[in-house]
Amino acid sequence: MSNGTVTRVIESDPVEHPAHYELSHPGLECIDLTAGMSFCMGNAVKYVWRYRSKNKPVEDLKKALWYTHYAENRNEPVALTCRQLGIINELQHQSQTKQYEFQFWNALRFGDYPKMRRAIAMMIRLVEGKNIDDINQELES
């Protein structure tokens, strides 16, 4: 147990523990974070969670962006429990070398929709093969 979260070792099962969730963030369960969230935010989190483990990362990230935008337009609050915050702490620890993924989890922590959308948009650009320097220049102009 670290940061109030339970780290589990679970064998992959296509129904109870799909590999595309387990591979993304070993020892954590996506449903433990999304349970209690709105449908839209739960889906946005799910798509960010698994985008690196599925064969269509850009599609998953675009879905995450769509759901985030929809939730923002509906003014859906992001209210997280202590347990969910502990999971986000662990996700941030796991994604320290993935700048924009880290930023997404941090923005989720504070319910900051514009920063969530920006982080997802940057992840899409990286997955599409854009260079970090090119992305930073885009942002500056």
Side-chain angles (χ1 to χ4, degrees), residues 1-140:
M1 187 159 163
S2 68
N3 299 327
T5 64
V6 177
T7 302
R8 305 181 224 179
V9 176
I10 300 170
E11 287 189 38
S12 181
D13 174 287
V15 175
E16 299 214 10
H17 306 287
H20 55 269
Y21 291 109
E22 189 60 27
L23 292 172
S24 300
H25 302 286
L28 298 174
E29 290 276 344
C30 183
I31 197 166
D32 290 339
L33 179 56
T34 59
M37 286 185 174
S38 72
F39 177 80
C40 292
M41 274 317 302
N43 274 321
V45 166
K46 169 184 77 173
Y47 286 118
V48 169
W49 185 289
R50 72 180 202 183
Y51 84 94
R52 287 184 282 121
S53 301
K54 297 283 281 189
N55 294 329
K56 298 179 181 180
V58 172
E59 182 178 301
D60 274 352
L61 289 169
K62 285 182 177 181
K63 288 177 181 178
L65 190 58
W66 188 91
Y67 277 110
T68 302
H69 189 257
Y70 192 83
E72 180 179 23
N73 285 341
R74 293 186 55 195
N75 295 313
E76 293 182 3
V78 178
L80 302 169
T81 65
C82 288
R83 184 166 191 228
Q84 288 168 314
L85 290 170
I87 293 168
I88 290 172
N89 285 342
E90 188 61 34
L91 290 168
Q92 287 183 294
H93 178 74
Q94 288 181 6
S95 64
Q96 285 179 343
T97 60
K98 298 164 193 75
Q99 176 184 355
Y100 297 111
E101 192 173 322
F102 181 92
Q103 288 176 8
F104 172 81
W105 299 125
N106 195 54
L108 176 64
R109 167 189 304 284
F110 296 104
D112 190 332
Y113 283 110
K115 286 184 180 176
M116 282 186 256
R117 285 189 291 105
R118 181 182 179 280
I120 296 168
M122 294 297 105
M123 286 187 273
I124 291 169
R125 289 180 177 141
L126 284 175
V127 171
E128 290 175 332
K130 291 202 176 182
N131 183 304
I132 288 278
D133 294 332
D134 295 338
I135 293 170
N136 288 331
Q137 284 178 350
E138 258 181 61
L139 293 173
E140 291 171 4

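Reckoned from all heavy atoms, side chains included, excluding hydrogens, waters and symmetry mates. Given the structure is predicted, the values throughout are model-derived calculations rather than measurements.
- Rounded to the nearest 0.5 angstrom, L126 CG and E101 CD are separated by 11.0 Å.
- Residues passing the side-chain hydrogen bond (donor to acceptor under 3.5 Å, both in side chains) test with Q84, sequence neighbours excluded: T81.
- Note that CG of D60 and NZ of K46 are 8.5 Å apart. Values are rounded to the nearest 0.5 Å.
- In terms of heavy-atom proximity, T68 sits nearest to A44 at OG1-CB, 3.3 Å.
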Under the side-chain contact (heavy atoms from CB on, under 4.5 Å) criterion, do L61 and Y47 qualify, and how do the steps go?
CA-CA 6 Å; L61 289 169; Y47 286 118; over 6 Å; no
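- Annotation: the span from N106 atom CG to N89 atom CG amounts to 9.5 Å, rounded to 0.5 Å.
- By the 4.5 Å heavy-atom criterion applied to side chains, P114 and E72 are counted as neighbours.
- Interatomic distance, CZ of F110 versus CE of M116, reported as 11.5 Å (0.5 Å rounding).
- Here the shortest heavy-atom pairing between R118 and Y100 reads NH1-CE2, 4.1 Å.
- The minimum heavy-atom distance between V48 and A64, with the atom names listed, is CG2-CB, 3.7 Å.
- A 6.0 Å sphere centred on CG of N73 holds more than 12 heavy atoms belonging to other residues, nucleotides or ligands.
- One finds the CD1 atom of I88 at 4.5 Å from the CG atom of L80 (value rounded to the nearest 0.5 Å).
- Contact between C40 and Y67 at its shortest, heavy atoms only, is O-CB, 3.4 Å.
- Note that CE of M123 is 9.0 Å distant from CG of L65, once rounded to the nearest 0.5 Å.
- The neighbour count for K56 NZ, taken as heavy atoms of other residues, nucleotides or ligands under 6.0 Å away, does not exceed 12.
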Steps toward side-chain contact (heavy atoms from CB on, under 4.5 Å) verdict (L28, Q94):
CA-CA 11 Å; L28 298 174; Q94 288 181 6; 3.8 Å; yes
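- The pair K130-E128 does not meet the salt-bridge criterion, since no charged nitrogen lies less than 4.0 angstrom from a carboxylate oxygen.
- Ring geometry, W105 versus W49: the interplanar angle exceeds 60°, so the pair is classed perpendicular (tilted spans 30 to 60°).
- Closest approach of T34 and V45 over heavy atoms only: CG2-CG1, 3.7 Å.
- With sequence neighbours left out, the salt bridge (charged side-chain N to carboxylate O under 4.0 Å, His left out) criterion links K63 to E59.
- Contact detail for E76 and Y113: the closest heavy-atom pair is O-OH, 2.6 Å.
- Scored by the side-chain hydrogen bond (donor to acceptor under 3.5 Å, both in side chains) test, D112 finds no partners at all (sequence neighbours excluded).
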